[in-house]
Amino acid sequence: MTYDPTGHLLLTPIDKEAPDRVRRLRELGLGERPDPAFDEFAQRLAEVTGAPFSMVNFIDENRQFFAGLHTPGGSHSGSDLGAAAAGASGVGRFMARDHGYCPHVVVRRKALVLEDVCDYPRFAGNPVVDEIGIRSYMGAPLIDRTGVALGTICVVDTDVRPWGRSGLETIKQMAAELVEQIHRREDGRF
């Protein structure tokens, strides 16, 4: 778990299911390499929501991996998002587990909509706000048939976004669609 410099605000949730998630991701062959089908899904997610950035994110004990990634410029370098914010070209496929909001979605097992992250003290202190300039976030968990939260799908913007109830319903529907795609893949029907 990670606390802010004052030691008072929990920034990264405790994730007791991480070992089960890692085991299940390995069974499914997910979370280790980019996947063109997930990149296509992320692009469609960005189009449907109108968001400039979208991800299919699998999370282990230490990091987040964007197996599917859409950025405005289409750049998907191998660097992490922190390095991208520091001036490296492109948004990368990796991010520390204590950055961003997806770890909260996985632990909560519920969708999360933050129209302006700065409105929420718990989330405003996240490193992605200052390092990358994230101002709004919307994500939903990918809970598979075994009950494991594998990761998330999410969209982010550097501007405040009024996602609203329709955005929430859209992200949840698309998460269910991707879980079904993962199940078809596991069953060999993909």
Side-chain angles (χ1 to χ4, degrees), residues 11-13 15 17 21 24-25 28 30-31 34-59 64-72 74 76 81 91 93 95 97 99-124 126 128-129 132-187 189-190:
L11 298 177
T12 306
D15 185 0
E17 294 183 0
R21 179 178 317 104
R24 182 69 174 136
L25 288 170
L28 294 169
L30 300 174
D35 187 310
F38 294 153
D39 282 342
E40 289 174 22
F41 187 91
Q43 180 177 347
R44 192 163 62 86
L45 179 61
E47 290 168 0
V48 168
T49 62
F53 299 91
S54 60
M55 298 91 167
V56 174
N57 185 6
F58 298 115
I59 302 171
Q64 303 175 64
F65 176 70
F66 305 129
L69 178 62
H70 172 78
T71 65
H76 307 124
L81 284 173
V91 173
R93 296 274 182 175
M95 188 162 65
R97 191 179 167 280
H99 282 53
Y101 309 104
C102 290
H104 294 273
V105 172
V106 166
V107 170
R108 290 168 25 123
R109 303 172 65 84
K110 293 180 8 181
L112 176 64
V113 177
L114 302 170
E115 294 181 347
D116 183 348
V117 299
C118 294
D119 286 346
Y120 303 89
R122 176 179 187 157
F123 297 116
N126 196 285
V128 298
V129 175
I132 304 169
I134 300 301
R135 281 301 297 272
S136 70
Y137 169 91
M138 182 169 59
L142 299 170
I143 300 174
D144 81 342
R145 66 179 90 182
T146 68
V148 172
L150 302 172
T152 69
I153 61 168
C154 70
V155 293
V156 297
D157 201 333
T158 55
D159 294 320
V160 173
R161 291 289 300 263
W163 305 110
R165 172 137 329 267
S166 65
L168 174 63
E169 293 306 317
T170 297
I171 198 88
K172 288 165 56 175
Q173 176 187 13
M174 292 198 72
E177 181 182 319
L178 186 60
V179 167
E180 181 56 34
Q181 181 179 329
I182 291 168
H183 290 161
R184 284 193 309 269
R185 198 182 268 204
E186 181 181 27
D187 296 341
R189 296 181 288 133
F190 188 72

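FYI, side chains are in, hydrogens and waters are out, and symmetry mates aren't considered; it's all heavy atoms of this structure.
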**OP:** Find the distance between CG (Leu45) and NE2 (His70) and round it off to the nearest 0.5 Å.
**Re:** 9.5 Å
Original post:
Which heavy-atom pair separates Thr49 from Arg161 by the least distance, and what is that distance?
Top reply: O-NH2, 3.0 Å
Subject >> N-O pairing of Glu186 and Arg24 below 4.0 Å >> reply: yes
Subject >> Side chain to side chain, Pro34 and Phe65, heavy atoms closer than 4.5 Å >> reply: yes
Subject >> Interatomic distance, Arg108 atom CZ to His104 atom NE2 [nearest 0.5 angstrom] >> reply: 9.5 Å
Subject >> Audit row: Leu30, Ile182, side chain to side chain contact (heavy atoms under 4.5 Å, CB included) steps and yes/no >> reply: CA-CA 9 Å; Leu30 300 174; Ile182 291 168; 4.1 Å; yes
**OP:** Drop me the distance from Leu150's CG to Glu17's CD, to the nearest 0.5 angstrom.
**Re:** 10.5 Å
Subject >> Atom pair CD (Gln173) and OG (Ser166), whose distance is rounded to the nearest 0.5 Å >> reply: 11.5 Å
Original post:
What pair of heavy atoms forms the shortest contact from Pro13 to Pro103, and how long is it?
Top reply: CG-O, 3.6 Å
Original post:
Looking at side-chain heavy atoms only, is the closest gap between Ile171 and Trp163 below 4.5 Å?
Top reply: no
**OP:** State, with a plain yes or no, whether a side-chain heavy atom of Val113 is found less than 4.5 Å away from one of Met138.
**Re:** yes
Subject >> Between CD on residue Gln181 and CG on residue Leu142, distance to nearest 0.5 Å >> reply: 10.5 Å
Original post:
Tyr120 and Tyr137: aromatic ring centres closer than 6.0 Å?
Top reply: no
**OP:** Indicate yes or no: at least one non-hydrogen side-chain atom of Phe53 is less than 4.5 angstrom from one of Phe66.
**Re:** no
**OP:** Taking all heavy atoms of Pro141 and all of Ala111, pick out the closest pair and write down the distance.
**Re:** CD-N, 3.7 Å
Original post:
More than 12 foreign heavy atoms under 6.0 Å from CZ of Arg145: is that the case here?
Top reply: yes
Original post:
Which is it for Asp144 and His183 under the side chain to side chain contact (heavy atoms under 4.5 Å, CB included) test, yes or no, and what are the steps along the way?
Top reply: CA-CA 8 Å; Asp144 81 342; His183 290 161; 3.6 Å; yes
Original post:
Between Val129 and Phe123, is a side chain to side chain contact (heavy atoms under 4.5 Å, CB included) present by the stated rule, with each step listed?
Top reply: CA-CA 9 Å; Val129 175; Phe123 297 116; over 6 Å; no
**OP:** May I ask you to decide if Ile153's main-chain N or O and Asn57's side chain share a donor-acceptor pair within less than 3.5 Å?
**Re:** no
Original post:
Taking the side chain from Asn126 and the backbone from His99, do they hold a donor-acceptor pair closer than 3.5 Å?
Top reply: no
Subject >> Contact summary for Ala42 and Gly68, nearest pair of heavy atoms >> reply: CB-C, 3.9 Å
**OP:** Check each of Leu114, Asp116, Asp157 against Ser136 using the side-chain contact (heavy atoms from CB on, under 4.5 Å) test, and report the only one that passes.
**Re:** Asp157
Original post:
Is a side-chain donor or acceptor of Glu115 paired with a backbone partner of Gly164 at a separation under 3.5 angstrom?
Top reply: yes
**OP:** Evaluate the side chain to side chain contact (heavy atoms under 4.5 Å, CB included) criterion for residues Tyr101 and Val128: first the C-alpha distance (whole Å), next the side-chain angles of each, then the deciding distance (0.1 Å), finally the verdict.
**Re:** CA-CA 9 Å; Tyr101 309 104; Val128 298; 3.8 Å; yes
Original post:
Does Arg97 use its side chain to pair, donor to acceptor, with the backbone of Ile59 at less than 3.5 Å?
Top reply: no
**OP:** Locate the shortest heavy-atom distance separating Arg21 from Val106; write the atom from each residue and the value.
**Re:** NH2-CG1, 2.7 Å
Original post:
Taking all non-hydrogen atoms of both residues, which atom of Ala175 and which atom of Ala140 are closest, and how far apart?
Top reply: CB-CB, 3.8 Å
Original post:
Are the side chain of Arg185 and the backbone of Leu28 linked by a donor-acceptor contact shorter than 3.5 Å?
Top reply: no
Subject >> Spacing of OG1 belonging to Thr71 relative to CE belonging to Met55, to within rounding of 0.5 Å >> reply: 9.0 Å
